[in-house]
Amino acid sequence: MKNLGDAPQEELATGERSTRNRVARSILDHGPSTVADLAGRLGLTQAAVRRHLDSLVSENVVEAREQRVYGARTRGRPAKVFALTDCGRDAFDQSYDTLAVDALRWIEENAGGEAAVAAFARDRMEAQAVAYRAAVEAAAPEERTEALAKALSADGYAATARSAPVGEQLCQHHCPVAHAAEKYPQLCEAETEVFSRLLGTHVQRLATIAHGDGVCTTFIPRGAPQGGTSPPPGDPPGDSTTQTRTTPSASASTAGRNPA
């Protein structure tokens, strides 16, 4: 085995860059992460992770922020997490952002305004939803959020499903159209409507990458009927106590926008 001190300088630099890229990719795949999270996932010491994070921060690839807390805040200061910056996200499969924004702007200005953009967004998501629907309907009811997450990951969204105190959270750690969605939230709204129909229940978008959060988070209430079909029209709106079903359009009321 070659001693570290004997390795050529460029070999050391290549190894450092490779590990640094692994750190950035882990943040992309899992969302905003603490030093301990990254060390555990990558098999590195926390000191090594901090050194790579310092470099990534200096390169404007990641930034430190306070960890977002949903629900009751515990005592003490929130943990510091590291999230990708817009510049960092640009390095991951977003080379067509400008083209997408230009195309949406043309649709808005020449083909019917915001309504035309919304129609395009719905049509785009309906086409994507064909594969998602097959995955969801093939899964057991209690596994359908996880099945949707895996289908989204196959499309580049690095999605995961996790339990929450009163339901489940569908987390998308990457958004290939984040920059376009920042200007055109109809993309987020159409996506949330599709999630609602696929899972057969009201869902609520809690956070989006397009609006500055480190991860797109969608809440699915516990006990919700995950039948893979649209809830019947006319049902009363749900709330945090009854969790009754609503129409998919209700679920999109805050899609792409962070609730107050």
Side-chain angles (χ1 to χ4, degrees), residues 4 7 10-70 74 77-97 132 135 145-164 168-182 188 191 205-219 258:
L4 192 63
E10 59 269 21
E11 184 177 323
L12 290 175
T14 300
E16 287 285 295
R17 173 55 63 182
S18 175
T19 304
R20 201 169 302 158
N21 288 343
R22 288 175 59 216
V23 171
R25 181 74 206 193
S26 183
I27 295 172
L28 172 71
D29 289 341
H30 297 274
S33 304
T34 65
V35 170
D37 291 336
L38 290 163
R41 288 199 296 262
L42 299 174
L44 300 171
T45 66
Q46 293 193 22
V49 169
R50 288 192 185 93
R51 178 163 53 81
H52 289 297
L53 287 171
D54 286 344
S55 297
L56 291 168
V57 168
S58 69
E59 295 170 359
N60 194 31
V61 174
V62 304
E63 63 183 359
R65 59 173 67 164
E66 285 191 352
Q67 188 169 30
R68 181 180 290 272
V69 177
Y70 298 107
T74 58
R77 297 183 61 185
K80 181 187 290 186
V81 296
F82 291 85
L84 289 179
T85 63
D86 287 343
C87 178
R89 290 186 182 281
D90 284 341
F92 294 98
D93 304 326
Q94 290 182 311
S95 57
Y96 295 103
D97 275 352
Y132 304 162
T145 302
E146 178 68 29
L148 178 56
K150 289 179 178 178
L152 287 165
S153 292
D155 263 354
Y157 289 88
T160 58
R162 65 188 182 193
S163 296
E168 292 181 288
Q169 287 184 351
L170 177 65
C171 301
Q172 295 157 263
H173 303 288
H174 180 49
C175 177
V177 297
H179 289 179
E182 181 179 351
C188 297
E191 182 179 79
R205 187 53 65 80
L206 301 178
T208 63
I209 293 170
H211 284 261
D213 298 295
V215 59
C216 295
T217 306
T218 305
F219 173 72
N258 296 328

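Between the side chain of S153 and the main chain of A159, a donor-acceptor pair closer than 3.5 Å is present. Judged by distance alone, the side chain of S26 and the main-chain N or O of R22 form no donor-acceptor pair under 3.5 Å.
Using a 4.5 Å heavy-atom threshold, the side chains of T19 and L42 count as separate. Under the 4.5 Å side-chain criterion, counting only non-hydrogen atoms from C-beta, V23 is in contact with L53. Within the 4.5 Å cutoff, the side chain of L56 has no heavy atoms near those of the F82 side chain. H179 places a side-chain heavy atom less than 4.5 Å from the side chain of D86. Side-chain contact check for L38 versus L44: every heavy-atom pair is 4.5 Å or farther apart.
Here E191 contributes atom CD and Y157 contributes atom OH; the two are 5.5 Å apart, rounded to the nearest 0.5 Å. Separation of atoms CG (L148) and CG (L170) is listed at 5.5 Å; rounding is to 0.5 Å. The OG1 atom of T218 sits 9.0 Å away from the CD atom of Q169 when rounded to the nearest 0.5 Å.
Between L28 and L84, the closest heavy-atom pair is CB-CD1, 3.7 Å. Closest of all the heavy-atom pairs between H52 and R20 is ND1-NE, 3.8 Å. T145 and A161 make their closest contact through CG2-CB, 3.8 Å (heavy atoms, listed as atom of the first residue, atom of the second, distance). When all heavy atoms of C171 and V215 are compared, the closest pair comes out as CB-CG2, 3.8 Å. Closest approach of V81 and P32 over heavy atoms only: CG2-CB, 3.8 Å.
The side chain to side chain donor-acceptor pair (under 3.5 Å) test applied to D29 returns R25, not counting sequence neighbours. With sequence neighbours excluded, the residues satisfying side chain to side chain donor-acceptor pair (under 3.5 Å) with E63 are R65. For T34, the side chain to side chain donor-acceptor pair (under 3.5 Å) partners two or more places apart in sequence, or in a different chain, are D37.
A side-chain N or O of R41 and one of S33 form a donor-acceptor pair less than 3.5 Å apart.
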